[in-house]
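For reference, the structure is listed below as structure tokens.
Just so it is clear, the values below take in all heavy atoms, side chains as well, and ignore hydrogens, waters and symmetry mates. First the proteins, then the strands, lettered A, B, ... as listed; each starts at 1.
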Amino acid sequence: MECCFPLISDYNRSMNDVAVSIDNPLLAALNPEQRQAVEATGGPLLVLAGAGTGKTRVLTTRIACILMNKLAWPDEILAVTFTNKAAREMAERIDLLLTSPSPVRGEGWGGGNISARQNTPSLTLPPAGGGNSLRWMGTFHSIGARVIRRHAEKLGLTSSFTILDVDDQLRLLKAILAELHIDEKSLPPKLFSAVIQSWKDQGLTPDNITSAQDLQAAGGQAARVYKAYQERLRSLNAADFGDLILHMLTLFTRHPGVLEEYAKRFKYILVDEYQDTNVAQYLWLRLLASFHKNICCVGDDDQSIYSWRGAEVGNILRFERDYPNARTVRLERNYRSTPHILAAASAVIANNRGRLGKTLWTHVKDGEKIRLKSVWDEREEARFIGEEVEDMQKKGIPLGGMAILVRAGFQTRAFEERFLTLGVPYRVIGGLRFYERAEIRDAVAYLRIIASPADGLAFERVINIPRRGIGQATMQQLHTVARNLNASLYNATMHLLKTGEIKGKLASSLQRFIDSCERWRKKLDELTLPEIVDLVLEESGYRAMWQQEKTPEAAGKLENLKELSRAVGEFENINNFLEHVSLVTEAANADSNADMVSLMTLHAAKGLEFDAVFLPGWEEGLFPHQRAIDESGARGLEEERRLAYVGMTRARKKLTIAHAANRRIYNQWQSSVPSRFIAEIPQEHIETLDGGVYGSAQSGGNGNWKDEVAAILGGAPKKEESHFARGARVFHQKFGYGRIESSSGGHLDIAFEKAGHKKVLADFVKPA
DNA sequence: CGTTTTTGCCTTTTT
DNA sequence: GGCAAAAACG
């Protein structure tokens with residue numbers, strides 16, 4: 001998709017070149033590079049902002065300066081982020097800059113400090129960008145939704161289209177697979193969902209699926225499923241997350257007039273976390289920037305950790321080629337970490353190739369070395385970190401200033417158990433989000449039916465929750481009738497009731513459901529939203545359903561429902577609320593101000609910082625993760641390394657890395673070798689703690705300790721089993737290459753590439 | 001149609 | 001090993 005926008009002119013040039021006044025007090029608080037990035041308001045600008053170098057500060061000051069110098073009105077600035085949190089934070093900080101005459105001085109109020117941040121339940125907050133009337137500040141998806149609603153009819157939708165969640169998507173795909181007679185077993189809906197998602201990330205509509213490789217995806221079925229899926233979405237007046245970007249591209253390329261309107265409007269475009277943009281987002285930005293060309297992208301190629309979600313580091317690497325007059329500013333002065341931490345992180349990331357390259361430095365002189373701890377297994381790891389946490393707390397570091405960052409979700413369990421026995425307060429960040437909880441989705445589905453009865457997916461979700469005696473057979477009948485009449489499930493139900501085709505108990509049950517919906521809809525005008533929610537939860541019997549269940553989970557669910565009815569009060573109407581709930585996905589963890597240790601994945605930690613950071617599980621196979629290497633080879637390994645870099649640079653003062661010799665994964669003991677990333681840290685930045693199994697092997701300080709470790713492991717119990725680790729690639733004389741699925745007592749369960757699944761004796765297999 | 005049993009998952013997941 | 005979704009059963 002080439003940029004097809006012909007209206008390139010320089011009519012606005014003179015205005016853009018007005019220099020931001022030097023005596024601006026906002027600039028006084030910046031270092032020279034930051035100031036450059038803020039002052040270069042005319043033309044394309046790439047800001048390479050290393051971890052902890054104050055990129056949010058640059059972005060917000062830049063916007064504040066543009067406004068103060070009246071280079072543009074607030075609604076002529078487009079500022080895009082990836083998360084609602086980032087958008088909200090930016091809005092707050094711009095407000096602060098514009099209202100307080102003398103800005104807060106001091107080094108780096110750089111990244112977000114979780115203990116200082118109000119992590120309030122965002123369900124109740126208004127959409128970001130409200131306060132300072134920056135109407136076009138938000139996430140790619142929220143801006144997409146807004147643009148698409150405005151021009152919905154050009155895309156075959158109405159302005160009230162619904163945004164599907166992942167559940168809805170899968171349910172829809174499942175129905176389509178059934179219609180197309182595609183076997184769900186061999187080609188599961190999830191596979192199609194992934195392929196379609198990745199196509200949308202690349203900006204490919206069904207008509208654009210032409211490459212041989214794409215046409216073969218998912219057994220050669222993906223292209224036609226994609227087509228059918230998009231048709232179904234349109235007939236349901238719905239869009240999925242990917243569509244929120246893809247439809248904008250379609251809109252802009254098919255209707256140049258619309259593109260012109262937006263491209264002319266946005267005199268300044270700012271993009272946060274540019275390294276995380278996918279191709280579709282990249283194309284979209286390029287179209288919008290084609291007129292004024294005042295696009296400022298801030299990012300860090302070393303922190304690109306979402307390629308598996310379609311992010312293209314290439315976007316940042318090619319910026320200078322795409323915008324010939326682009327300026328590049330590097331932010332390299334780090335305001336967060338001590339020298340040892342910075343040097344270690346820099347040394348690790350230096351092993352990656354194809355970087356744009358930055359050298360972080362700090363004026364801070366002192367600071368501790370990184371501490372490295374070897375432990376026997378994950379229980380000892382948890383015990384060690386638990387002790388350290390208590391120790392640091394005694395020394396005055398609040399629990400809220402500590403975090404344990406893991407590669408994979410299951411790792412948090414050992415720590416949770418440990419903290420529970422120690423009585424150390426902790427919180428797990430990530431995991432199930434508020435709106436993803438089943439009870440919230442159910443309640444929202446009821447609201448969706450009230451707001452738009454044609455919402456068949458919502459109808460299907462709750463028609464039998466609580467139980468109304470409507471099962472598969474009835475649903476099938478409803479679907480058939482709906483298809484024949486070209487009507488919604490809701491209308492089909494009404495039709496069947498009218499004609500008397502459904503009788504008896506079933507009919508009265510359905511009738512009651514329909515009557516209730518009608519009644520609730522009529523009340524929309526008289527009652528407030530919380531009253532509506534309460535009414536629906538009460539009259540539908542949904543709340544009663546959970547009240548009858550006397551489990552602790554049920555109590556939690558009722559709490560969440562209460563929270564929901566409280567939260568809707570903040571919204572003007574039901575549609576505002578529904579839009580918000582589909583686009584905002586943050587956990588409503590109530591008392592986030594409490595002093596607690598944070599447990600999260602490395603991915604979830606991006607953008608945060610802590611006084612003390614613990615990085616457990618630095619073992620080959622887990623980190624770098626075997627699957628990343630298997631699936632993406634050298635590229636996968638480099639992304640794992642960036643993840644290591646992100647993790648290390650979260651720490652302000654204390655950084656502790658740990659690795660275990662043995663780890664139980666899915667109840668199988670697996671012995672492991674320390675992560676190669678540990679070996680990439682220069683010795684002079686490491687302090688090796690004793691007490692571990694092979695602490696002595698390392699303290700020798702020779703470069704060969706990896707071998708020693710392997711030797712020690714050779715003597716560890718269950719050697720045979722660990723020799724063939726789960727996931728390891730092996731070779732068998734008869735069956736060829738394969739991957740170990742499981743092993744027990746010398747018997748291996750192997751998925752061979754050619755021969756399929758086989759059980760074989762370990763003796764007949766050797767590592768590939 | 002609703003219950004019980006069996007099977008199949010098991011890296012990360014900004015919206 | 002543990003959990004959720006499908007299949008089998010009543």
Side-chain angles (χ1 to χ4, degrees), chain A residues 80-88 122 128 138-145 163-167 169-170 174 184-185 188-190 193-194 197 200-201 239-245 272-273 275-278 280-281 303-311 405-413 429-433 435-436 438 464 467-476 505-506 509 579-586 600-608 617 621-632 636 639-640 642-643 646-647 664-669 726-727 741-742 757:
Chain A
V80 227
T81 62
F82 276 87
T83 65
N84 293 292
K85 198 163 91 180
R88 203 188 316 131
S122 58
T139 63
F140 276 99
H141 293 87
S142 68
I143 288 169
I163 299 167
L164 298 196
D165 61 35
V166 185
D167 277 11
Q169 274 177 59
L170 285 175
K174 234 175 123 172
E184 256 187 53
K185 288 265 172 50
K190 271 199 171 152
S193 158
Q197 187 63 54
K200 289 184 175 179
D201 286 345
D240 66 15
F241 277 118
D243 286 337
L244 296 181
I245 313 295
D272 191 19
E273 306 277 19
Q275 77 281 354
D276 289 336
T277 50
N278 61 35
Q281 288 158 340
Q303 291 189 66
S304 164
I305 54 174
Y306 282 106
S307 73
W308 47 275
R309 267 186 128 273
L405 312 181
V406 296
R407 177 63 183 87
F410 72 86
Q411 288 174 264
T412 60
R413 219 169 107 175
I429 293 177
L432 254 200
R433 292 150 210 290
Y435 101 109
E436 284 172 351
N464 203 29
R467 299 247 149 81
R468 294 188 180 89
I470 291 135
Q472 242 181 344
T474 313
M475 276 318 295
Q476 215 143 33
K505 238 175 152 181
L506 201 57
S509 180
E579 172 99 347
H580 190 72
V581 96
S582 25
L583 291 177
V584 171
T585 61
E586 274 167 84
M600 68 189 99
T601 63
L602 287 160
H603 285 90
K606 196 175 75 167
L608 304 178
L622 178 58
F623 189 44
H625 202 282
Q626 190 58 47
R627 219 155 129 179
I629 296 173
D630 287 351
E631 280 169 14
S632 318
E639 180 143 325
E640 295 287 294
R642 290 193 290 270
L643 210 40
V646 167
R664 207 166 59 170
I665 295 180
Y666 308 123
N667 210 30
Q668 296 219 78
W669 282 101
R726 191 172 173 280
E741 296 278 315
S742 67
H757 278 74

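Side-chain contact between A:Ile163 and A:Leu583: present, with at least one pair of heavy atoms (C-beta onward) separated by less than 4.5 Å. Here the side chains of A:Met600 and A:Leu608 are in contact, with some heavy-atom distance below 4.5 Å. In this structure, A:His603 and A:Trp308 have side chains that are in contact, with non-hydrogen atoms separated by less than 4.5 Å. Between A:Thr81 and A:Glu273 the shortest side-chain heavy-atom distance does not fall below 4.5 Å. Side-chain contact between A:Leu622 and A:Phe410: present, with at least one pair of heavy atoms (C-beta onward) separated by less than 4.5 Å. No side-chain heavy atom of A:Lys606 sits under 4.5 Å from any side-chain heavy atom of A:Phe82.
Between the CG atom of A:Leu405 and the P atom of B:dT12 there is a distance of 14 Å, given to the nearest Å. To the nearest angstrom, P of B:dT15 lies 16 Å from CG of A:Asp240. Rounded to whole Å, the distance from NE2 on A:His603 to P on B:dT12 is 9 Å. If you take CZ of A:Arg407 and C1' of B:dT12, they are 5 Å apart, rounded to a whole angstrom. The separation between A:Ile470 atom CD1 and B:dC1 atom P is 8 Å, rounded to whole Å. Rounded to whole angstrom, the span from the CD atom of A:Glu639 across to the P atom of B:dT13 amounts to 13 Å. Separating the CG atom of A:Asp165 from the C1' atom of B:dT15 is a distance of 12 Å, rounded to the nearest angstrom. If you measure from atom CZ of A:Phe140 to atom P of B:dT13, you get 20 Å, rounded to the nearest angstrom.
Boundaries of the chain A contact region on DNA chain C are C:dG1 to C:dA7, first to last in 5' to 3' order (nucleotide atom under 4.0 Å from a heavy atom).
One finds no side-chain N or O of A:Ser142 lying less than 4.0 angstrom from the OP1 or OP2 phosphate oxygen of B:dT15. Within the structure, every side-chain polar atom (N or O) of A:Arg309 is placed at least 4.0 Å from both OP1 and OP2 of B:dT13. In this structure, A:Arg468 does not reach the B:dG2 phosphate: none of its side-chain N or O atoms is under 4.0 Å from OP1 or OP2. The shortest distance between the side-chain N/O atoms of A:Thr474 and the OP1/OP2 oxygens of B:dC1 is below 4.0 Å. Contact between the side-chain N/O atoms of A:Asn464 and the OP1/OP2 oxygens of B:dG2 is found at a separation under 4.0 Å.
Side-chain atoms of A:His141 come within donor-acceptor range of the base of B:dT15, with a qualifying N/O pair under 3.5 Å.
Among the heavy atoms of the strands lying under 4.0 Å from A:Glu631 is at least one base atom, whether or not backbone atoms are also near. At a threshold of 4.0 angstrom between heavy atoms, the contacts of A:Gly409 are confined to the sugar-phosphate backbone, with no base atom among them. Within 4.0 Å (heavy atoms only), A:Tyr306 reaches at least one base atom of the nucleic acid. Residue contacts for A:Lys505: at a heavy-atom cut-off of 4.0 Å it reaches no nucleic acid atom on any strand shown. Among the heavy atoms of the strands lying under 4.0 Å from A:Ala473 are primed sugar atoms or P, OP1, OP2 only; no base atom is included. Counting any heavy atom pair closer than 4.0 Å across all strands shown, A:Arg467 reaches sugar-phosphate atoms only and no base atom.
Within the shown strands, B:dT4 is the pairing partner of C:dA7 under the Watson-Crick or G-U definition, both distances less than 3.5 Å. Using the Watson-Crick or G-U wobble rule with both distances under 3.5 Å, B:dT11 pairs with nothing in any strand shown.
In this structure, CG in A:Leu602 is found 9.0 Å from CD in A:Glu640, a value given to the nearest 0.5 Å. One distance of note links CG of A:Asp276 with CD1 of A:Ile305; it measures 7.0 Å at 0.5 Å rounding.
Remark: ring of A:Phe82 does not overlap the six-membered base ring of B:dT15 in a stacked fashion, as centroids less than 5.5 Å apart with planes less than 30° apart are not both met.
The pair A:Lys200-A:Asp243 meets the salt-bridge criterion, since a charged nitrogen lies less than 4.0 angstrom from a carboxylate oxygen.
For the pair A:Leu506 and A:Arg627, nearest-nucleotide mapping onto DNA chain B gives the more 5' position to A:Leu506. Residue A:Met475 is the one, among A:Met475 and A:Ile305, whose nearest nucleotide of DNA chain B lies closer to the 5' end (criterion: closest heavy atom).
When the nucleotides B:dT15, B:dT11, B:dT13 are ranked by their closest atom to the side chain of A:His625, B:dT11 comes out on top. The side chain of A:Thr83 approaches B:dT15 more closely than any other nucleotide in the set B:dT11, B:dT15, B:dT12.
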